[in-house]
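Both backbone and side-chain heavy atoms feed into the values below; hydrogens, waters and symmetry mates do not. Each chain gets a letter, A, B and so on, in the order the sequences are listed, and its residues count up from 1.
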Amino acid sequence: MSDQDAVFGKRGNRDLSVVNPNGRGTIDGTRRSGPVRQGHAGDPFLIGENMTGGYGKGADILHDCTIAVERGQIAVIVGPNGAGKSTAMKAIFGMLNLRKGSVRLDGRDITALNPQDRVKAGMGFVPQVNNIFPSMTVEENLEMGAFIRKDDIRRTMEQVYDLFPAVAAKRRQAAGELSGGQRQQVAVGRALMTQPSVLMLDEPTAGVSPIVMDELFDRIIAIARGGLPVLMVEQNAKQAMMIADKAYVLVQGANAHTGTGHELMQNDEVRRTFLGG
Amino acid sequence: MDILNALVAFLNFVFIPAAAYGAQLALGALGVTLIYAILRFSNFAHGDTMAFGTAITILVTWGLQSLGISLGPLPTALLALPFGIAATALLVLGTDRAVYRFYRAQKAAPIIFVMASVGVMFVMNGLTRLLIGVDEQRFDDGARFIIAVRDFREWSGLVEGLALRSTQALTVVVTVIVCAALFWFLNRTKSGKAMRAYSDNEDLALLSGIDPERVVRLTWIIAAGLMTIAGVLYGLDKSFRPFNYFQILLPIFAAAIVGGLGNPVGAIAGGFLVAFSEVAVTYPWVKVAGYLFPDWQPGGLLQLLGTEYKFAVSFVILIVVLLFRPTGLFRGKSV
Amino acid sequence: MSSNRQAAASSPWRAPVLFAILAALFVLEGTVRNGMFSGSWNTSLAILNMGLISAITALGVNMQWGYAGLFNTGVVGFLAIGGLAPVLVSLPPVEGAWAAGGPRLILSLLVGLGTLALARIVYGRTRKVWTVALVLLVGLVAYRWLFDPAVTAIEANDPARTGNIGGLGLPILLSWLVGGAFAAAAAWAVGKVALGLRSDYLAIATLGIGEIIVAVMRNEDWLARGVKNIAAIPRPVPYETELQQNPAFADFAAGWGFGVAEASGIWVKLCYMSLFLVVLLVIILLAELALKSPWGRMMRAIRDNETAAEAMGKDVTARHLQVFVLGSAVIGVAGAMMITLDGLLAPTSFNPLRYTFLIWVMVIVGGSGNNWGSVLGAVLIWFLWIKAEVWGPNLIGVLVGPLPDGDIKAHLLGSAPHMRFIAMGLVLLMVLRFAPRGLVPEK
Amino acid sequence: EDVKLGISLGFTGPLESMAPGMASGAELAMKEVTDSGLLLDGSTVTAVQGDSTCIDAAAATATVERLITAEGVKGIVGGMCSGEAIASLQNVAVPNGVVMISPSATSPALSTIEDNGLFFRTSPSDARQGEVMAEIMMEKGIQNAAITYTNNDYGKGLADAFASSFQEKGGTVTVNAAHDDGKADYSAEVAALAAAGGDALVVVGYVDQGGSGVVRAALDTGAFDTFVFPDGMVGQALVDNFGSEIDGSFGQNPAAEGEGREKFLAMAEEAGFDGTSAYSAEAYDAAALMMLSMAAAKSSDPNVWKNNVMDVANEPGEKILPGELAKGLEILNGGGDIDYVGASSIEMVGAGESAGVYREVSFDNGEMTVVGYR
Amino acid sequence: MIRVEDLHRHFGGFRAVDGASLTIETGSITGLIGPNGAGKSTLFNVIAGVLPPTSGRVFMDGEDITGLPPHALFHKGLLRTFQLAHEFSSMTVRENLMMVPGAQSGETIWKTWFQRGRIEREETALRRKADEVLDFLTIRHLTHEKAGNLSGGQKKLLELGRTMMVDAKVVFLDEVGAGVNRTLLMTIADAIIRLNKERGYTFCVIEHDMDFIGKLCDPVIVMAEGKVLAKGSASDIMQNEAVIEAYLGTGLKNKDMVGA
Ligand SMILES: Nc1ncnc2c1ncn2[C@@H]1O[C@H](COP(=O)(O)OP(=O)(O)OP(=O)(O)O)[C@@H](O)[C@H]1O
Ligand SMILES: Nc1ncnc2c1ncn2[C@@H]1O[C@H](COP(=O)(O)OP(=O)(O)OP(=O)(O)O)[C@@H](O)[C@H]1O
Ligand SMILES: [Mg+2]
Ligand SMILES: [Mg+2]
C-alpha cells in the first residue's frame with residue numbers, strides 16, 4: 001500500500017496489476033561501497049565538508065556546503081523551502097553522488113560508502129517523507145529499525161512506546177493506517193530503535209501536535225546529552241534554535257549563517273527572514 | 001434418494017479433481033504473488049521457468065530410475081526435486097544478474113521489468129525445448145492410486161466409483177506444507193520480515209540496514225523453489241509438455257489477481273476459486289440430481305454452460321466475486 | 001532522479017534516426033539476400049503491412065496505458081470483435097439463413113439486452129436483489145426460448161459450407177469503422193462494470209472479456225462459423241490473379257523489370273500499405289492533437305495521481321471510460337483491418353500471447369505514452385518476430401558448427417525452430433537494455 | 001536442377017509436438033527421390049522449412065511469402081492448421097501460382113475456396129471417416145456414445161460428421177462437447193462427459209495433445225473404459241501412454257490394405273523417427289505426390305504439374321507404396337500411369353481431397369492390432 | 001457554509017470520527033486543531049467525498065452533499081489540499097496549476113480537433129494566471145521543474161497554489177504549514193486573509209502551529225478522539241484547560257539541559 005491508499009482505498013488503475021509501484025525506492029541498492037579512508041585530525045564526529053552535488057545528472061543543488069555535528073551535541077539546519085536541507089542530509093547519507101567534498105565519520109572518510117554500509121557504520125536517518133513501512137504493523141516497523149542489532153531490543157521498544165503513548169496503543173495496527181502525526185512518531189521511533197552512533201532527522205516534528213513536539217524535543221535533548229550526536233532539519237525553527245548547540249542556515253545550497261542556536265536567534269536578519277519573526 | 005452415490009459422484013468428478021487443480025494453481029500463484037510483491041513485477045516467465053525446473057527434475061528422475069533408486073510408493077521425482085530446485089535457482093539468479101539487476105540499478109519503470117520478463121520467457125521457452133524437446137514426457141512412478149475406482153466400488157458396493165490418485169493427494173499435502181512454511185517464514189523470521197519491509201518501502205529498508213540485493217536473491221531462490229515444486233506436481237499429476245506450462249500461466253495469473261496480487265492468502269484462495277469455478281459451473285448436475293430425486297427425469301444435462309466456456313465462466317465468476325469484494329478476496333496486508 | 005535521465009535521453013534526433021534505421025531494415029529485406037534477409041520485396045512489404053496493423057493496435061493500447069494508465073489485458077478480445085465486422089458487414093448474405101431464423105435471432109438479442117437494461121433499472125429503483133434476480137431469470141428464459149431454435153435453424157443451413165447468419169454485402173472499408181464501433185461497444189460495457197474500481201479488477205475483467213469474446217467466436221457457429229473458419233473475405237484492393245491477366249499490368253511490370261506474378265504481389269501490397277498508412281496517420285493526427293491539448297494534460301494528471309485529479313474536479317471514472325472506449329475502438333479498427341488483410345477469420349488464431357502480450361511488448365519497447373514510439377516499436381517488433389523464424393535456426397547452425405557430430409549436435413539442430421523464441425527473447429532483451437525506457441520515450 | 005520444396009508447419013505453437021514428425025515424413029520422401037536420381041533428369045530435391053506457428057495467420061503468411069518469393073520453392077507441404085493454411089493459400093500461394101498440399105488441414109472451407117487448382121490435401125475427409133467409425137461401433141453393438149472433440153475445424157468437422165451418421169444408424173449421442181488442446185486441466189470436460197454417460201467415449205483429438213489428457217482423466221475417474229479413436233489418436237504414443245488400460249477400445253486410421261503404412265513405419269524407424277506420430281504418413285504422401293506429379297508433367301513449374309496431381313493419385317495405373325517412389329518415377333518417366341497409394345492410401349476425390357481407405361485397429365493386452373480394412 | 005451533523009466514520013471497530021457536529025460559517029477562517037489521531041483528516045476526507053461516512057450528514061449552503069464524489073464537490077466550489085502532498089509528479093509545476101480549472105474547452109476531446117484557436121486563447125490566459133500564482137508563492141523559478149522534484153515544502157506551496165487557480169467558495173487546508181518555512185508561512189497566512197477578504201473564500205484550516213492559528217483563525221474548533229472538544233476564539237481556546245491538557249502541553253520539561 002502506498003501512502004495514499006491508507007486513506008483513499010485502492011482506487012484506480014495506475015500501474016497496478018502487472019506491476020507493483022508501491023514502495024519503490026530511489027536509491028540504487030546494487031551500488032557497491034568504495035574504500036574507507038583515514039579522516040582528518042581534529043574533525044567533528046560527523047562532518048560533510050564542502051559538499052557540492054545534485055540529483056542524477058541534474059544541476060548542482062548543494063554548493064560547497066559544510067555541515068558538522070559534535071559528540072553529545074545537537075546541530076540544526078534551517079532555511080527556506082528548497083534550500084537544499086534535505087539534499088544535504090541525503091548527501092551525508094550517501095544517497096546522491098557528490099561531485100566535490102567529503103563525508104567523514106568518527107575519524108574515517110566514508111565518502112565512498114553506499115547507504116547500507118553507512119547504516120552498518122552506525123548512522124541512523126529519518127527521511128522527510130516515506131519514512132515508515134506502511135503495511136507492516138507499528139511493532140514490526142520498530143523491529144525493522146533494530147534490524148542490524150543482535151542484542152535484545154525489547155527494552156528500547158518499551159522506551160519508544162513510553163515516549164509515544166498514542167502509537168503504543170496501536171502497536172498491532174498497520175502503520176499506513178495511522179494519522180499523519182502518528183506516522184511521524186513511528187518514523188522517529190524506528191530510528192531510535194537503531195541505537196545509532198549518530199542520529200539524523202529530517203523534520204521530525206512536521207505535523208505532530210504541540211504536546212508531542214515538546215516531548216520529542218525533550219527526548220532529543222536527552223539523547224544528545226547522553227552522548228549521541230543529533231543532526232536535524234527543522235522548520236519549527238524557534239523551538240529548534242532553543243535547543244541547538246550549533247545551527248546552520250542554508251540558502252540555495254550554500255551555508256548562509258552558522259553559529260550557536262542562541263547566536264542566530266539574536267540575529268535580527270536571520271530571525272526575520274528564516275525563522276518567521 | 002441415494003445420497004451416498006450422489007456424494008461420491010460429486011467428490012469423484014468435482015471435488016477431488018478441482019482440489020488438486022486448485023492446489024497446483026495456488027502454488028503457481030504463490031510464486032507469482034511473491035515476485036510481484038517483492039520485486040514489483042508480474043513475472044511472465046513464470047510458466048516457462050516452471051517448465052525448466054520440471055525438465056531438470058525429469059532428467060534427474062530418469063537418472064535416478066536408471067540407477068534403480070526409488071521412493072517406494074512415492075514418485076521418484078520427489079527425490080530429484082532438490083536438484084531441480086537448485087538448478088532453477090541458479091538459472092533465475094543468473095537471469096537476475098544478467099537482466100533484472102541492470103533495471104533495478106537504473107530504477108527503470110516497473111513495466112519495463114514485465115517486458116524484460118517476457119523476453120526471459122521467450123528464452124526460457126526455447127531453452128526448455130532444447131533441453132528436453134517438445135514431446136510429452138511421463139515421469140510418474142510409484143503407486144498411482146490411493147483409492148482406485150474398481151476397489152472402491154467393490155469395497156462400498158456403490159454404483160459410483162471414487163478415485164484418488166496419489167499425485168492428487170500429494171499435491172494437496174505439499175501445497176499445504178509449502179504454504180504454511182512460507183507464512184511462517186514471512187511473518188516470523190527476520191529474513192522474511194526483511195523481505196516484507198523491502199516490499200513496503202525499498203529506501204527505508206535500505207536505511208534500516210537491510211541489504212536489498214540479499215532480499216532479491218532470497219526472493220528468487222524461494223520463487224525458484226515454488227516454481228519447481230508447482231511444475232513438478234503439475235507434471236506428475238497431468239503430464240509434462242513444455243507448451244502446457246505456458247498455457248497454465250493465464251489461470252495462474254487469474255488466481256493471483258482475484259486473490260489480490262501480492263497477498264499469499266489471496267493466491268491460495270484464488271487458485272481454488274478458479275479451479276472450482278471451472279469445474280463446478282460447467283458440471284452437468286443431471287447424474288447427481290438423478291440420485292437425489294430418482295423420480296425426476298430432467299430433459300437436458302442440467303449444465304449451466306458448456307465446458308467450452310469453462311475458462312470464460314470462471315472469469316465471470318471472478319468478476320462477480322470482485323463485484324462484491326472490490327478489493328479482491330483478501331486485501332489485508334500485502335506480503 | 002530518473003526523470004533527469006529521461007530528459008537527457010530524448011534528443012530530438014532520436015526518433016527520426018530510429019525510423020530511418022527501421023526503414024533501412026525493410027529495404028535490406030527487400031533487396032539483399034543472405035543469411036539475415038530474404039531479398040524479396042514481397043516478403044518485406046508483407047511484413048510491413050502486418051507491422052502497420054500492429055502499429056494501429058499498439059496505438060490503441062498506448063492510448064489506454066500510455067495516456068491513462070489503464071492496463072488492458074484483453075487486447076486479443078477487442079481485436080477479435082473488430083475482426084467480426086468484415087464478416088458481418090461485407091460478406092455476401094447467406095442464402096436461407098435469414099429466413100431460417102434471422103428475425104427471431106435479432107429479437108432474442110434485443111430481449112437479452114433489454115433484460116439487462118431492465119434489471120439495471122429495477123435495481124436502481126428498488127435495490128432489491130431478489131426482484132432483479134427474478135427479472136433476470138424471466139428474461140433469460142425468454143431469451144433462450146427465442147435464441148436456441150433460431151440458432152439451431154441457422155446452423156443447420158448447409159453447415160459444411162455456411163451455417164452462419166451471413167453478412168450484408170456492404171463495402172469492406174465500411175467494416176473497418178464498424179469493427180471500431182463493435183469494439184467500442186464492448187469496451188463501454190466492460191468499462192461500465194469494471195472501471196473506476198481497483199486496478200487489478202480491470203486487468204482481470206479485460207483478461208476475462210478477451211477470453212469470453214474469443215470463446216464466443218469459437219463456439220457460436222451461427223455468428224461466424226466458429227472454428228470452421230470463414231475464408232474469402234472481400235478485399236478493398238485488386239486480386240493478384242486479376243492483375244496478372246491484365247496485359248496493361250504485365251507491360252507495366254516488365255517496365256520495372258519485375259515478373260508479372262511478383263509485380264502483382266508487390267502492387268497489391270502497396271495498395272494495402274497506402275490504405276493502412278492513411279488510417280494510421282489519421283489516428284495519429286487525432287491522437288496527437290488531443291494529447292498536446294489540455295485533454296492530454298488532464299489525462300497525464302489522472303494517470304499521475306488519481307486522487308488529486310479527482311479532488312481537482314476531474315471525473316476520473318468518466319475519463320477512464322472515455323479513453324478505454326477510444327483505445328478499444330482503435331484496436332477494433334485494427335482487428336477489422338487484420339481480418340481484411342488475412343482474408344480469413346479463424347477464431348482459433350486469437351491467442352493472448354500473440355495478440356495481447358506481443359502488442360504490449362511493442363508499446364513498451366517503443367516507449368509508452370508516445371504515439372510515434374508505439375508505431376516504431378510495433379513495426380520493429382513485428383519485423384523481429386517474423387525474422388526470428390529465420391535468424392533463430394541460423395543462429396543455432398552457427399553455434400553448434402564447431403561441435404563434434406553426434407547425438408547432441410543432432411538434437412540441437414533438430415530443435416532449431418525453437419531458436420525462434422530464443423532469438424526473439426534475446427533481441428527483445430537487448431533492445432530493452434539499450435533503451436530501458438523504450439526507444440522513443442515520452443517527453 | 002535443384003528443386004526446392006517448402007515445408008510450412010507449426011514448429012512452434014500448440015501443435016509443435018506434431019510438426020517434427022510430419023517434417024521428417026516429408027523429408028523422407030524427398031530424400032528417397034533425390035537418391036533415386038530419377039526426377040526430371042536427375043534433379044535433386046531439397047526441403048526448406050518454415051514455421052507457420054499453426055495459429056498466427058499473419059506469421060504463416062509471411063513465412064510462406066518467404067518460402068515462395070525468396071526461396072523460390074515449387075510446392076509447399078503445409079499448412080498444418082486450417083486457418084493459416086487458408087490465409088497463406090489465398091494470399092501467397094494462389095497469387096504466385098504455387099501448389100500447397102496439406103497433410104493435416106481438414107477445414108471444409110478449404111474445399112470451396114478459390115484455389116485455381118493449386119490446393120490439395122492428403123488428410124482424409126471427415127464425412128467418410130465419420131461413417132466408417134459409426135459403422136464399426138454399430139457392429140460392436142455400441143448404441144450410445146459420448147463425443148469429445150478438439151476444438152478446431154478438424155475436431156468439430158469430424159465429430160459432427162460422426163454424430164450425424166451415428167444417429168442415422170440409430171445410435172444415440174449423449175453429449176458432443178469440445179476440449180481445447182494444451183489446457184492445464186480436463187477435469188471439467190471429463191466430469192461433463194461422465195455425467196452424460198454412454199457405452200463408449202469417442203475421442204476426436206490428437207494423441208499427443210488434449211486427447212490423451214481427456215482419456216487419462218476419464219480412465220482415472222472411472223468415467224469410461226471403452227474408447228473409440230479416430231486418426232488423430234491412433235498411434236504408438238497411445239499404446240505407450242495407456243498400455244493395457246485401454247483394452248477393449250478400438251479405432252481406425254487411413255491406410256490401405258497392403259503394406260503401405262507398415263512399410264512407411266519401417267522406413268521411418270530406419271530414418272530415426274516415429275512414423276506413427278500423427279500425420280507423419282500424410283506428410284510423406286504430400287511430398288511424394290508433388291514430386292511424382294512433376295515427373296508426370298515433366299516440369300517443376302507448379303502451374304504445370306498441378307494438373308497432374310489427380311492423375312497420379314488415382315486410378316488407373318500401377319499402385320505405388322512408400323519406398324517405391326523410384327519405381328513410380330521410372331514408370332512416369334517412361335510415359336506410364338501410376339496410382340499413388342502411399343502410406344495413407346491416397347484417393348483424391350472432388351476438389352483435391354483425399355477419400356481414403358481406413359484400417360480398423362483394436363487395443364488388447366496393451367497392444368494395437370490391425371483388425372481389417374474398409 | 002458547511003454544516004456537519006453527527007458524523008461518524010469508523011475503521012473496523014475503531015471510531016476515527018465519533019459523532020462530530022460542527023458548522024463553518026460563511027466567510028470565516030475556521031481553525032481545526034486537535035491531537036494526532038483526533039480524526040481531523042478523516043473528517044476532512046469525509047466532507048470532501050473521499051471517504052463515505054459511516055453515518056451522519058454534511059450540508060453545504062443547506063444542500064445535502066453527503067457522499068458526493070470529490071469532482072462533483074469541486075464544481076460546487078469545495079476545494080481541499082492534502083496533508084501528504086499529492087502533486088502530479090511527472091508534470092511541470094506550471095502544468096500542475098493549469099490543469100486545475102474545470103470547464104476548459106480543451107478538455108473535450110472533439111474540441112481539441114476542431115477548436116484549436118479557442119483552446120489556444122484559453123491556454124494563454126491560464127498560463128498567465130498560473131504564473132501569477134507562482135510569483136505569489138515565490139516559486140516562479142520552478143515553473144518548468146517536474147513537480148516530483150520539488151522539496152517537501154515546495155510541494156505544500158503547490159498544493160495551496162492549486163486552490164488559487166479557480167474561484168472557490170470554501171477551501172479545506174490540511175496542514176499547509178507542516179514543513180513550510182515559518183517566514184513563508186506568515187506570507188501564506190496573509191494570502192489566506194486576502195483571499196478571504198477580497199474574494200470571499202471561506203477557509204477551514206487544520207494546523208498544529210499555534211502562531212499560525214492564532215494569527216489567522218476565528219473561530220477555532222478543537223477535536224479529540226473523534227469528537228468536538230471545544231469551540232471558541234483562538235485566545236479562548238489557548239486558555240482552555242482541557243485543550244492544554246490534551247493538546248497544547250506546557251512546553252519543554254528539559255529546559256534546564258538546553259544549551260548546557
Ligand atoms: N484506513 C484506516 N484504517 C484504520 N484506522 C485509520 C485509518 N485511517 C485513519 N485511521 C485512524 O483514525 C484516527 C484518526 O486519523 P486522522 O488522520 O483523521 O487524524 P488527524 O486528526 O488528522 O491526526 P494528525 O494531526 O496526526 O494528522 C487515527 O487514530 C488513525 O489511526
Ligand atoms: N529528486 C530530485 N531530483 C531533482 N531535483 C530535486 C530532487 N529533490 C529535490 N530537488 C530540488 O533540490 C532543491 C532542494 O531540495 P530539498 O529537498 O533539499 O529542499 P529542502 O531544503 O529540504 O526544502 P524543504 O524545507 O521544503 O523540505 C529543490 O529546489 C528541489 O527542486
Ligand atoms: Mg526537506
Ligand atoms: Mg491529519
Legend entry - Interface moiety of B:F152 toward chain D, non-hydrogen atoms closer than 4.5 Å: neither
Inset, instruction - State plainly whether the residues D:D181 and D:K183 are in salt-bridge range, i.e. N to O under 4.0 Å. - result: no
Legend entry - Ring centroid separation B:Y283 to B:F10 under 6.0 Å: no
Inset, instruction - May I ask you to name which of B:R144, B:R138, B:Q247 has the most heavy-atom pairs under 4.5 Å with chain D? - result: B:R144
Inset, instruction - Would you please test D:F227 and D:F363 for ring pair (Phe, Tyr, Trp, His ring centres under 6.0 Å) and show each step? - result: CA-CA 10 Å; D:F227 299 89; D:F363 298 85; 9.9 Å; no
Inset, instruction - Count the heavy-atom pairs under 4.5 Å between each of D:P14, D:A223, D:S187 and chain B, then report the option with the highest count. - result: D:P14
Inset, instruction - Please round to the nearest 0.5 Å and tell me the distance separating atom CZ of D:F264 and atom OG1 of D:T276. - result: 9.5 Å
Inset, instruction - Identify which part of D:A237 has an atom lying under 4.5 Å from any heavy atom of chain B, answering side chain, backbone, both or neither. - result: neither
Legend entry - B:F145 versus chain D, the contacting section by heavy-atom distance below 4.5 Å: side chain
Inset, instruction - Examine whether an atom of B:R153 lies under 4.5 Å from a heavy atom of chain D, and if so say whether it belongs to the side chain, the backbone or both; otherwise answer neither. - result: side chain
Inset, instruction - Give the intermediate values and the outcome of ring pair (Phe, Tyr, Trp, His ring centres under 6.0 Å) for residues B:F52 and B:Y245. - result: CA-CA 9 Å; B:F52 178 86; B:Y245 281 76; over 10 Å; no
Legend entry - Enclosure of D:Q236 CD (heavy-atom neighbours >12, cutoff 6.0 Å): yes
Inset, instruction - Against chain D, work out which of B:E278, B:E308, B:K238, B:E136 has the most heavy-atom pairs shorter than 4.5 Å and name it. - result: B:K238
